[in-house]
Amino acid sequence: MEKTAAIIGAGLIGRSWAMVFARAGWRVRLYDSVPAQLGAAEAFIAASLPEQAEYGLVADAAAAHARIHYMPDLTDAVSNADWVQENLPETFEQKREVFVALDRHAPPSAVLASSTSAIPASRFTETLAGRARCRVAHPVNPPHLVPVVELCGAPWTTPATIERALAVFTDISQVPIVVRRELDGFILNRLQGALLSEAMRLVGEGYVSPADLDKTVREGLGLRWSFMGPLATIELNAPGGVAHYCSRYGGFYRRLTEDPPAPEVWDSDNAARVAAALGPPAGPEAVAQRMRWRDRRLMALVSHKRRQPDSEAKEKP
Ligand SMILES: NC(=O)c1ccc[n+]([C@@H]2O[C@H](COP(=O)([O-])OP(=O)(O)OC[C@H]3O[C@@H](n4cnc5c(N)ncnc54)[C@H](O)[C@@H]3O)[C@@H](O)[C@H]2O)c1
């Protein structure tokens with residue numbers, strides 16, 4: 001039987017989730033309290049699905065689009081939902097308020113997931129009758145092209161909810177990972193934060209230009225990371241694997257960790273230095289064009305990765 005996903009919030013992330021579920025054959029109910037956002041989401045989806053079809057990422061763009069319904073009412077959107085994915089702005093108050101409504105109106109069998117980037121589910125689900133079915137499912141922007149999803153339950157989320165989340169995201173061709181217990185920033189943003197803090201220091205203190213810093217990742221670290229993770233990478237950088245790598249290079253990394261970027265790299269003074277080095281920001285039209293360019297590059301990369309033999313495309317189990 002066709003399954004139904006209710007997507008709550010039709011901004012950048014919600015409209016992308018709608019395509020992920022619809023591509024996989026789910027019926028989608030996309031809800032937003034701002035009608036113009038539903039219109040913008042529909043226009044974006046109408047343009048993106050045929051592009052994805054060009055890259056072989058969706059078999060039938062028109063059929064996928066026909067499965068998405070644009071809903072101005074939350075209660076209607078969640079009635080009959082098997083899966084609810086919340087994508088409201090990143091404030092604790094909004095998450096708490098909407099989860100009260102979702103728990104009240106969604107069928108008891110539905111899983112309630114939040115796309116929050118940083119707020120642990122325990123902070124906005126504790127008082128809910130249905131808190132055992134709530135969890136974070138944190139995507140990367142845009143989830144229709146970047147498949148990893150971080151699953152992180154609250155202490156009261158049941159193991160069955162976690163198992164169901166793993167099955168659902170695998171079914172819709174995403175790549176779920178399990179965060180075993182709650183922590184600030186989950187996994188992805190802790191890794192990204194470590195890299196960005198160092199980048200803000202290196203550019204802010206004038207060690208390197210923004211263009212050369214970006215090149216270092218784009219033409220260096222990132223090239224390998226698009227098909228193998230950092231641990232799998234270092235395993236190949238010393239003949240005896242990770243332990244050997246650590247005995248060779250651990251002293252050097254230890255020195256670096258003794259001199260970490262200071263929290264002040266995120267203050268306005270340093271941000272202004274980095275912004276000045278980057279040059280004037282692009283206007284909204286240029287940003288929108290660059291996002292479309294980024295999405296096409298991602299489509300080409302995802303399509304390439306899907307065509308690789310398993311042994312090359314996947315991490316070791
Ligand atoms: N943008 C990213 O890079 C990214 C990546 C991963 C996760 N996230 C997370 O996803 C969530 C959504 O982020 P986004 O970038 O899509 O935000 P966004 O601002 O683009 O979209 C938020 C949407 O929520 C709607 N909304 C606001 N209040 C509402 C309400 N009470 N009821 C219904 N709709 C309401 C807005 O109209 C808007 O369309 C956030 O929790 C964010 O942290 C964002």
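Counting starts at 1 for both ligands and their atoms, in listed order.
A salt bridge links R201 and E198; the closest N-O separation between the charged side-chain nitrogens and carboxylate oxygens is under 4.0 Å. The pair E126-K95 does not count as a salt bridge, with every side-chain nitrogen at least 4.0 angstrom from each carboxylate oxygen.
For the pair V34 and ligand 1, the shortest N or O to N or O distance does not fall below 3.5 Å. Between V140 and ligand 1, a contact under 3.5 Å exists for no N or O pair. At under 3.5 Å, a nitrogen or oxygen of K95, whether backbone or side chain, sits near a nitrogen or oxygen of ligand 1. Between E86 and ligand 1, no N or O atom pair is found at a separation short of 3.5 Å.
Not close to ligand 1: E97, with no non-hydrogen atom less than 4.0 angstrom away.
Looking at T91 and Q94, their side chains do bring a donor and an acceptor atom within 3.5 Å of each other. Side-chain atoms of E264 and W266 include no donor-acceptor pair closer than 3.5 Å. When only modelled atom types and interatomic distance are considered, E182 and S122 share a side-chain donor-acceptor pair under 3.5 Å. No side-chain donor-acceptor contact under 3.5 Å links T157 and R135.
The protein non-hydrogen atom at the shortest distance from atom 8 (N) of ligand 1 is S117 OG, 3.3 Å.
Less than 4.0 angstrom separates atom 17 (O) of ligand 1 from none of the non-hydrogen atoms of the protein.
Among G11, P89, A41, the residue whose heavy atom lies closest to atom 24 (O) of ligand 1 is P89.
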